[in-house]
Amino acid sequence: MQERVIIAGFGGQGVMSMGQLLTYAGMIENKNVSWLPSYGPEMRGGTANCNVMVSDEPIGSPIVTEATVAIVMNRPSLDKFESDVLPEGNLLINSSLIDIKSERDDLNIHYIPANELADELGNSKVANMVMLGAYLELTKAVKTESIIEAFKKVFGESKANLVAINKEALEKGAEAVR
Amino acid sequence: MAKVLMKGNEAIGAAAIKAGCKYFFGYPITPQNELPEYMARELPNIGGVFLQAESEVAAINMVYGAAGAGARVMTSSSSPGIALKQEGISYIAGAELPCVIVNIVRGGPGLGGIQPAQSDYYQATRGGGNGDYRHLVYAPATIQETVDLLMEAFDVAEQYRNPVMVIGDGMIGQMMEPVEFKEPKKRPIAPKTWSTDGTKGERKPNIINSLYIDPQELEDHVIRLENKYAEMKENETRYENYNVKDADVVVVAYGTTSRVVKNAIAKCEEEGIKIGLIRPITLWPFPDKAFEEITDRTKGILTVEMSTGQMIDDVKIAINGRKPVHFYGRTGGMVPIPDAIVEEIKKISGGVK
Amino acid sequence: MTKVFEKTKGLTDKPFHYCPGCTHGIIHRLVAEVLEELDVLGESIGVAPVGCSVFAYDYFNCDMQEAAHGRAPAVATGIKRVHPDKVVFTYQGDGDLASIGAAEIVHAAARGEKITTIFVNNAIYGMTGGQMAPTTLVGQKATTAPYGRDASHAGNPIRVSEMLATLDGAKFVERVSVHNAAEVRKAKKAIKKAFEMQLKGEGFGIVEVLSTCPTNWGLTPVEALKWLEDNMIPYYPLGNLCTPEGVK
C-alpha cells in the first residue's frame with residue numbers, strides 16, 4: 001500500500017491540518033509517512049497545498065508527482081493538480097466551491113459539497129474533515145479512530161471539545177461517497 | 001521513546017536542546033525561520049539564551065564569543081545568510097572553537113529563491129571564508145537522520161574543537177516526518193580547559209585567537225589543523241552505498257535529491273536495469289572510499305544534484321578517471337522528478353539488456 | 001627605599017608594541033588598574049579588536065578573546081550571555097568600532113548589553129598606515145584623503161558618544177582624553193565608573209578616549225598631544241553624556 005496524496009485549497013480551509021492529521025494517523029498505525037507543505041510567499045498569496053505519503057514501504061521522495069489521490073478544495077487547486085493523479089486514482093472535488101466538472105475520464109471522481117455538509121453540522125470550518133472522511137471511506141488508508149487520536153495529539157486538550165463535531169464531519173463525508 | 005511527527009526545522013531545534021545546546025544566535029531568513037522561532041520559545045524555559053542578532057555577521061560572532069566562553073552553541077541560516085557568516089566560520093575554525101551551524105539551503109546566486117536547492121555545495125565544502133580550514137558537513141536525507149546527525153554534531157564539534165555544519169534544504173526544513181530522539185554514541189571529549197570564563201586568579205589567562213603574526217608560527221598552526229582534518233577524514237567520513245557492486249550505472253546523490261533518486265532506482269529495477277546509489281552523508285570529508293566498491297560491470301556514474309554541478313568535482317576526484325562521470329541537475333529551487341533521472345540513467349546504461 | 005610606583009597586576013609583562021608617544025599604553029594601564037582596583041581581574045574577559053590594539057590580548061592579564069574586525073561587541077555579547085556574572089569588556093579603535101563595526105556597537109548599546117566598551121578615538125587608521133577613519137576631522141590629511149577630508153565627498157566625522165547616548169540601552173556614556181595628567185586622572189575615573197556600572201548590572205557603558213597617533217599624524221609626541229587638544233576636543237567635546245543614578 002502506498003497512498004500519495006495531494007491536498008490543496010486556499011489558506012484557512014484547513015488543508016495543511018487535514019494533511020497533518022492523515023500523516024499523524026499513519027504514524028500511529030506504524031506506517032511510513034511524510035508531510036510536505038508548499039511554503040513561502042505563495043502561502044501568503046492565499047493558496048496552500050501539501051503532499052502526504054502513507055506507505056507500507058519506505059518512502060523515497062516525499063514529493064508527490066504521481067498521485068493516487070487529489071483532494072481539491074477550490075477551483076485553482078483543481079486546475080493545478082487534476083493532471084497529477086494517476087489513471088484509476090481518486091479525485092475528490094469540493095463541489096461547494098468548484099462549479100465545474102473534471103475533464104479527466106480515467107479517474108474515480110467524487111463531487112462532495114463539503115461546505116454545505118459542514119454547515120449542516122453547524123460549523124463551516126469542518127469542511128476539511130468532511131473531505132477527509134470521504135477520502136478515508138474510499139481508500140481505507142487509515143482508521144477513523146487513528147485520525148481522532150491524531151487530532152487529540154495535534155490540537156491538544158484545548159481543542160478537546162471539538163473532537164465530537166470532527167468525528168461527525170468525518171462520518172458525514174464518508175456517507176457522501178458510500 | 002515514542003516517535004513524534006515533527007517539522008524538520010523544529011526537530012532540529014528539539015535535537016539541539018536534547019544535545020545540551022543552551023545558546024542560539026541567529027537572524028531571520030526563509031526557509032529556516034521555524035528553527036529560531038522554536039529556540040526563542042524553548043531556550044528561556046531551560047535557562048538558555050536565544051538572541052536575535054542584528055545581522056548574520058553579528059550572529060556568528062556571538063557564536064564565536066559564546067563558544068570561546070565554553071558554551072554549547074548553535075546558529076542557523078539559509079544560503080545568503082551563510083555567505084555572511086563565512087567570516088565568522090573562518091575565525092571559529094582558526095581559533096578552534098566548537099559550534100554547530102545549520103544551513104537550510106535555498107536557490108541562488110544572490111537573493112535567489114526560497115525553494116529547495118543544493119547550490120551551496122561549494123560554499124559548504126570549500127568554504128567562503130579565508131584560509132586553510134575545513135569543517136565537517138553533514139547532509140542528512142530524512143528528518144530522523146537530521147536529528148541523529150545534529151545531536152552528534154555537537155559532540156563531534158567538541159571532540160575536534162571545530163565547527164560542524166549540517167546542511168539541509170527547504171524540503172528538509174519544512175516537511176514533517178516521524179522522529180525519535182536517541183542519545184548519540186559516547187565520544188572522547190576533553191574538558192574545556194581553554195575556555196575564557198575568568199582566571200579566578202588560579203591560572204594563566206586563556207586567549208581565544210586566530211592571529212599568528214609570525215609566519216612560522218602560523219604555518220605550524222595550520223599544519224596542526226591539517227593533521228586534525230586528516231583525522232576527521234579518517235574517522236568521520238560517512239556514506240550509504242546501495243547495490244553499488246553489480247550496478248550497470250551508479251548514481252551519486254545526497255540529501256533531498258537522493259530520495260528522488262531512490263524512486264528512480266525503484267522504477268529502473270522494475271524494468272530490470274540494475275542501479276547502484278552512493279549517498280554521501282558527509283559532504284566534507286567526501287567519501288572517496290565509497291567509490292572503491294564500483295566494479296568493471298558499471299558503465300558509468302551519474303551525479304544528480306539540485307545545482308548546475310558542484311559535487312560532481314568531488315565525484316570525479318574520487319573516481320579518478322576509472323569511469324565516465326555524467327551529470328543531471330535541476331536548479332533554482334526545482335526538484336528533479338524520478339522519470340527525468342530514469343531517462344538519464346537509460347542514456348548511460350543503453351536500456352534493458 | 002620606598003616604592004612610589006608599581007606596575008598594575010592587570011597587565012602582563014609583555015612589552016607593548018605601540019609607537020613612541022602613542023597613548024594606547026596609557027589607556028591600557030588605566031583599564032588594567034581599574035580591573036585590579038575593583039578586584040575583578042580573575043572574573044574578567046576582554047575582547048580585543050583589529051587595529052593597533054589587536055595584540056591587547058597579550059597585554060591584559062585576564063582571559064581574552066580576539067574578535068574579527070568590528071565584531072568585538074558581538075563576541076562580547078556571546079560571552080556575557082553565557083557568563084552574565086563575569087565582567088566583559090571590549091577595547092576598540094575608531095575604524096573597528098565606528099566604521100566596520102558600526103552595526104555591532106549600535107545594537108549592543110541598543111540591547112543594553114551589560115558590557116563595557118573602551119573606545120579609543122585617534123581619528124586615523126593606525127595599524128594599516130594612516131588611512132582616513134570615520135572620525136578623521138574635516139581637512140585632516142590621511143593617506144586615503146591626501147588633500148584632507150572633504151565633507152562633501154566623505155561626509156563628516158561621526159560623534160560616536162553622542163550617537164550612542166541617544167539609545168535607551170546605553171546607560172553610561174562619557175568622552176575623556178589623555179593629553180595631560182589632569183585628563184588622564186579624569187579618564188580613569190570614567191573608566192572605573194563604567195565598570196562599576198557593569199558590576200551593578202545597569203546596562204551598556206562606553207568610555208570614548210581621545211588618543212594620539214604621532215606616527216600617522218606626522219607629529220612629535222608632544223605636538224600630537226597639542227594637536228589633539230586644539231583640533232579634536234572642539235569637535236569631540238569632553239564630558240559625561242549619561243550616567244545611571246546608582247553610580248553618580
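Protein chains get the first letters and strands the later ones, always in sequence-line order, with residue 1 at the start of each. Remember, predicted model here, so these are calculated numbers, not experimental data.
The local environment of OH in B:Y38 is crowded, with over 12 non-hydrogen atoms from other residues, nucleotides or ligands closer than 6.0 Å. Shown here is B:M334, whose CE atom has no more than 12 heavy atoms of other residues, nucleotides or ligands within 6.0 Å.
Contacts between A:I28 and chain B at a heavy-atom distance below 4.5 Å are absent for every atom of the residue. Only the side chain of B:I337 comes within less than 4.5 Å of a heavy atom in chain A; its backbone stays farther off. Using a 4.5 Å cut-off between heavy atoms, B:P336 does not touch chain A at all. The contact between A:T65 and chain B is made entirely by side chain atoms (from C-beta outward), counting heavy-atom distances below 4.5 Å. A:E66 touches chain B through its side chain: at least one heavy atom from C-beta onward sits under 4.5 Å away, while N, CA, C and O do not. At a 4.5 Å heavy-atom cutoff, the contact between B:D339 and chain A is made by side-chain atoms alone. Interface remark: B:V260 contributes backbone and side-chain atoms alike to the contact with chain A (heavy atom separation under 4.5 Å).
The residue among B:Q174, B:M171, B:K7 with the most heavy atom pairs within less than 4.5 Å of chain A is B:Q174.
Nearest heavy atoms, B:M175 versus A:P37: CA-CD, 3.9 Å.
Considering OG1 of B:T256 and CG of A:L36, their distance stands at 9.0 Å, rounded to 0.5 Å. Taken to the nearest 0.5 Å, the CG atom of B:N263 stands 9.0 Å off from the CD1 atom of A:I63. Here the CD-CE distance, from A:Q20 to B:M176, works out to 4.0 Å after rounding to the nearest 0.5 Å.
Scored by the side chain to side chain donor-acceptor pair (under 3.5 Å) test, A:Y135 finds A:E3 as partners (sequence neighbours excluded).
Side-chain atoms of A:Y39 come within 3.5 Å of backbone atoms of B:I114 as a donor-acceptor pair (strictly under, hydrogens ignored).
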Evaluation steps, side chain to side chain contact (heavy atoms under 4.5 Å, CB included), between A:I59 and B:R259: CA-CA 8 Å; A:I59 294 166; B:R259 298 180 64 145; 3.9 Å; yes
